[in-house]
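One-based numbering along the sequence shown.
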Amino acid sequence: DRAYSLWSLTGGNYVMQFYTLYLKYTGDYTIPQVNYMPTSMSCVNLVCMLSSGIVSDLIGKRWPFLLFVGTILIFTYSVMLSSGASHHLRLAAYTMTGAYGCFTPVLAGWCNISCGGDQHLRAATQASMIVVGQIVVTPFQQELFPSSDAPFYRKTKGFAYGLAFVICLTFWTVVVIPMVESHFEKKKQKNDSPVELDSQIDNSTDSLSDERVKSIHIQSDGKSDGR
């Protein structure tokens, strides 16, 4: 839930809207251009979402790709925050911000693994992720990214807050979640270690042997009484 909330607080869902407002602000583009240019973010989003699954499966880890995307987002939000960025650099930054979408499938995959195959727990967890994310992002967007302060949001410092949450999101998904995942994996391996299984087998064998010895003694005592 925390990772998804941080992802929501970056304002990534609204960057296409910010891109459109910036193009209108410049006054250099026609209405059709203002409408279709921001769709380039969707292309970047699609490529990153597909690549995240492929790369994660190939290397067996999720955090390296998230580190790569997080670095891109830190750069793009820094450009949008900067007052001295050139027009073309700002356009490139808006387009590259489409990479934010790959966090959603990766977080959903982590959620699926954490639930251990329990479908009811997975459904409840993913639903709570979405609900909590929407609850925290709605007032955030309204307060920090009002249309009256577009497209730079200098009075509300919207992009500064967005950059801070991008850094927090990158740290959480690249450092914190892998550490927690590694801890529980080691704990599980320790619980399922062969040494403990062997000791359990030995204990069960000893208990069976004791029962056999007792049964032999009982049989021998019965024969003695019969005599």
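A 4.5 Å side-chain heavy-atom check between Thr104 and Trp7 finds at least one atom pair inside the cut-off. Residues Leu73 and Thr10 have side chains not in contact (no heavy-atom distance under 4.5 Å, counting atoms from C-beta outward). Looking only at side-chain heavy atoms (C-beta outward), Ser78 and Phe159 stay at 4.5 Å or farther from each other. Contact of the Phe103 side chain with the Leu66 side chain is registered, since non-hydrogen atoms from C-beta on lie closer than 4.5 Å. Put simply, the side chain of Thr173 reaches to within 4.5 Å of the side chain of Leu107, judged on heavy atoms. Looking only at side-chain heavy atoms (C-beta outward), Lys24 and Pro151 stay at 4.5 Å or farther from each other. Counting heavy atoms from C-beta on, the side chains of Leu91 and Leu23 come closer than 4.5 Å. For the pair Gln17/Phe145, no side-chain contact is recorded, criterion being any heavy-atom separation below 4.5 Å from C-beta on.
The local environment of NE2 in His88 is sparse, with at most 12 non-hydrogen atoms from other residues, nucleotides or ligands closer than 6.0 Å. Within 6.0 Å of OH in Tyr29 there are more than 12 heavy atoms belonging to other residues, nucleotides or ligands. Few gaps surround OH on Tyr14; more than 12 heavy atoms of other groups in view lie less than 6.0 Å from it. Other residues, nucleotides and ligands contribute only 12 or fewer heavy atoms inside 6.0 Å of the CD1 atom of Ile31. Residue-environment remark: CD (Glu143) stays at or below the threshold of 12 foreign heavy atoms within 6.0 Å.
For the atom pair CG (Asn45) and OG1 (Thr95), the distance works out to 12.5 Å, reported to the nearest 0.5 Å. A distance of 6.0 Å separates CG of Asp28 from NE2 of His87, quoted to the nearest 0.5 Å. In this structure, OG on Ser51 lies 8.5 Å from CG on Leu46, to the nearest 0.5 angstrom.
Linking Ile, Leu, Val, Met, Phe, Trp and Tyr whenever their side-chain heavy atoms come within less than 4.5 Å leaves Ile59 and Val47 in two separate clusters. Note: the hydrophobic cluster containing Val166 also contains Val176 (ILVMFWY, side chain heavy atoms under 4.5 Å, direct or indirect links). By the rule that hydrophobic residues join a cluster once side-chain heavy atoms approach within less than 4.5 Å of another member, Leu89 and Tyr153 end up as members of one cluster. Phe65 and Leu50 are not part of a single hydrophobic cluster, where members link through side-chain heavy atoms under 4.5 Å apart. Phe75 and Val174 end up in the same hydrophobic cluster when Ile, Leu, Val, Met, Phe, Trp and Tyr side chains are linked at under 4.5 Å.
In this structure a side-chain-to-backbone donor-acceptor pair under 3.5 Å is missing from Ser56 to Arg62.
Nearest heavy-atom pair, Arg90 versus Met80, reported as atom, atom and distance to 0.1 Å: NH1-O, 3.2 Å. For the residue pair Met16 and Ser42, the shortest heavy atom distance occurs at CE-OG, 3.4 Å. Here the closest non-hydrogen pair linking Ile74 and Thr170 is CD1-OG1, 4.4 Å. Contact between Asp149 and Arg154 at its shortest, heavy atoms only, is OD2-N, 3.2 Å. Met96 and Thr76 make their closest contact through CB-CG2, 3.7 Å (heavy atoms, listed as atom of the first residue, atom of the second, distance). Minimum interatomic distance between Cys102 and Val69 (heavy atoms only, all atoms of both residues): SG-CG2, 3.5 Å.
Ring pair Tyr161/Phe140: centre-to-centre distance not below 6.0 Å.
Through direct or indirect side-chain contacts shorter than 4.5 Å among Ile, Leu, Val, Met, Phe, Trp and Tyr, Val44 is connected to no other residue.
The side-chain contact (heavy atoms from CB on, under 4.5 Å) search around Val175 returns Phe171, Met179, not counting sequence neighbours.
The ring-ring contact (aromatic ring centres under 6.0 Å, His included) with Tyr94 is formed by just one residue from the set Tyr100, Tyr77, Tyr22; it is Tyr22.
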